[in-house]
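Worksheet for the structure shown next.
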2 protein chains.
Amino acid sequence: MSNHTQTWIALARAHTHLLTGVEAGLKAAGLPPLAWYDVLWELEQSPDPMRPKDLEPRLLLPQYGLSRLLSRIEAAGLISRQPDPADGRGHLLSLTPDGRATRAAMWPVYDAALRAGFDGLADPQLARLTRLLSQIGPADKV
Amino acid sequence: MSNHTQTWIALARAHTHLLTGVEAGLKAAGLPPLAWYDVLWELEQSPDPMRPKDLEPRLLLPQYGLSRLLSRIEAAGLISRQPDPADGRGHLLSLTPDGRATRAAMWPVYDAALRAGFDGLADPQLARLTRLLSQIGPADKV
DNA sequence: CGATTTTACATGCGATTGCATGTAAATGGG
DNA sequence: CCCATTTACATGCAATCGCATGTAAAATCG
């Protein structure tokens, strides 16, 4: 088995392990799934209102997936969608107070699950891992 | 942002990038999705016939997910399910010739997509990555 | 041995996803 | 300015997933 394959398998296993832990933690706490966090976080971070199109490349979701994810989050009252005055096709997204509160409530659960999942890796190892992983995929303009 | 979080984000991105590439490659070649490969491979590797229960921990799938995955693969004629003579609850899984051929056809596509996805990482880096990733998750009795 | 519990696997049902396509607004060419 | 094209987002439909539950056959226990 080639090196690529071994690395891929290890990566997939690690990913599943961490993801399962996080989702289980959030569910146990009665909080929304992880995907919601990413949306809420991006909106909270951004200095000016974002449109779905801006969110899409950052979340690595297909367009239709994001569209429906936003619908669900909106239905839960955590974000609002308003028409973009500057572009009739677009929508401007904004956090509601509930959305802000929910993101804040999710964070400690999320963080704890990650720490538990990374059990056994010390800080310098995590740093090395991050550097290696960052070389995979398209280079990232932040 | 803590180290854990940065590592997790890098890991999730790398995973999505690689997985997307592999699935796209398989689909473009008219082949089944990646999950099928893992099943076919395990069955081909195992010296004696496996049961779903044996497969489950190796594939990291929930029980019902595996049950239905096997149903689909069976419906496509790539595996067969027979009652286990030694345990009336269990089924024995075996590859059909078509299953063996399909796995063989999938492999070069799978491998090529992985190589493309890991673009930029040299062998020693891949090896270091594998070692680090292997420390995540439950220790593995192979 | 009979009753209870556990194990192995399947399945109904609602929620989510992928794919293709639809709709409406902007953009570009002549 | 008009028409064709592109962009931004939504949606119908079938496939798949998660969850809870069902079924049947071991295994356990008194």
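Sequence lines set the chain letters: A, B, ... in the order given, protein chains first and strands last, and positions in each chain run from 1. Note that this is a predicted model, so its numbers are computed, not measured.
- The stretch residues 72-88 of chain A touches DNA chain D through A/Arg81, each having a heavy atom under 4.0 angstrom from the strand.
- When atom types are taken as modelled, the side chain of A/Glu56 and the backbone of A/Lys53 share no donor-acceptor pair closer than 3.5 angstrom.
- When each of B/Arg68 and A/Gly65 is assigned the nucleotide of DNA chain C with its nearest heavy atom, B/Arg68 is the one assigned upstream, toward the 5' end.
- Judged by closest nucleotide on DNA chain D, A/Glu56 is the one of B/Pro33 and A/Glu56 placed further toward the 5' end.
- Not less than 6.0 angstrom separates the ring centroid of A/Trp8 from the ring centroid of A/His15.
- Residues from residues 89-96 of chain A with heavy atoms under 4.0 angstrom of DNA chain D, sorted by number: A/Arg89, A/Gly90, A/His91.
- Here D/dC17 presents its C1' atom at 12 Å from CG of B/Leu69, a figure rounded to the nearest Å.
- Once rounded to the nearest 0.5 Å, the distance linking CD1 of B/Ile73 with OG of B/Ser80 reads 12.0 Å.
- Note that CZ of A/Arg13 and CG of B/Leu133 are 12.5 Å apart. Values are rounded to the nearest 0.5 Å.
- Across every non-hydrogen atom of A/His17 and B/Ile136, the tightest pair is ND1-CG2, 3.8 Å.
- Using a distance-only test at 3.5 Å, with no hydrogens or angles considered, a donor-acceptor pair links the side chain of B/Gln125 to the main chain of B/Ala122.
- In terms of heavy-atom proximity, B/Asp84 sits nearest to B/Ala86 at OD1-N, 2.8 Å.
- The outermost nucleotides of DNA chain C lying under 4.0 Å from heavy atoms of chain A, listed 5' to 3', are C/dT16 to C/dA26.
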Donor-acceptor contacts, no H, no angles, side chain residues 37-44 of chain A, under 3.5 Å, sequence neighbours left out:
residue	atom	partner	partner atom	Å
A/Tyr37	OH	A/Arg103	NH1	2.6
A/Glu42	OE1	A/Arg58	NE	2.7
A/Glu42	OE1	A/Arg58	NH2	3.4
A/Glu44	OE1	A/Arg103	NE	2.6

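- Remark: the backbone N or O of B/Arg51 is paired with a side-chain donor or acceptor of B/Asp54 at under 3.5 angstrom.
- Near-neighbour residues of DNA chain D inside residues 47-55 of chain B, defined by a heavy atom below 4.0 Å, are absent.
- With rounding to the nearest 0.5 Å, the separation of OG1 in B/Thr5 from CG in A/Leu126 is 10.0 Å.
- Using modelled atom types and a 3.5 Å distance limit, the side chains of A/Arg81 and A/Ser94 yield no donor-acceptor pair.
- Annotation: proximity of residues 15-27 of chain B to DNA chain C (heavy atom, distance under 4.0 Å) is found for B/Lys27, numbered in ascending order.
- Judged by distance alone, with hydrogens and angles left aside, the side-chain atoms of B/Thr96 form a donor-acceptor pair with the main-chain N or O of B/Leu78 at under 3.5 Å.
- For the atom pair CZ of A/Arg128 and CZ of B/Arg128, the computed distance is 6.0 Å after rounding to the nearest 0.5 Å.
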**Prompt:** side chain to side chain contact (heavy atoms under 4.5 Å, CB included) between A/Thr7 and B/Leu121: does it pass, once the steps are laid out?
**Reply:** CA-CA 11 Å; A/Thr7 307; B/Leu121 289 205; over 6 Å; no
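- Taking atom CD of residue B/Gln63 and atom P of nucleotide D/dG18, one finds them 12 Å apart after rounding to whole Å.
- At distances below 3.5 Å, at least one donor-acceptor pair connects side-chain atoms of A/Ser134 with backbone N or O atoms of A/Thr130.
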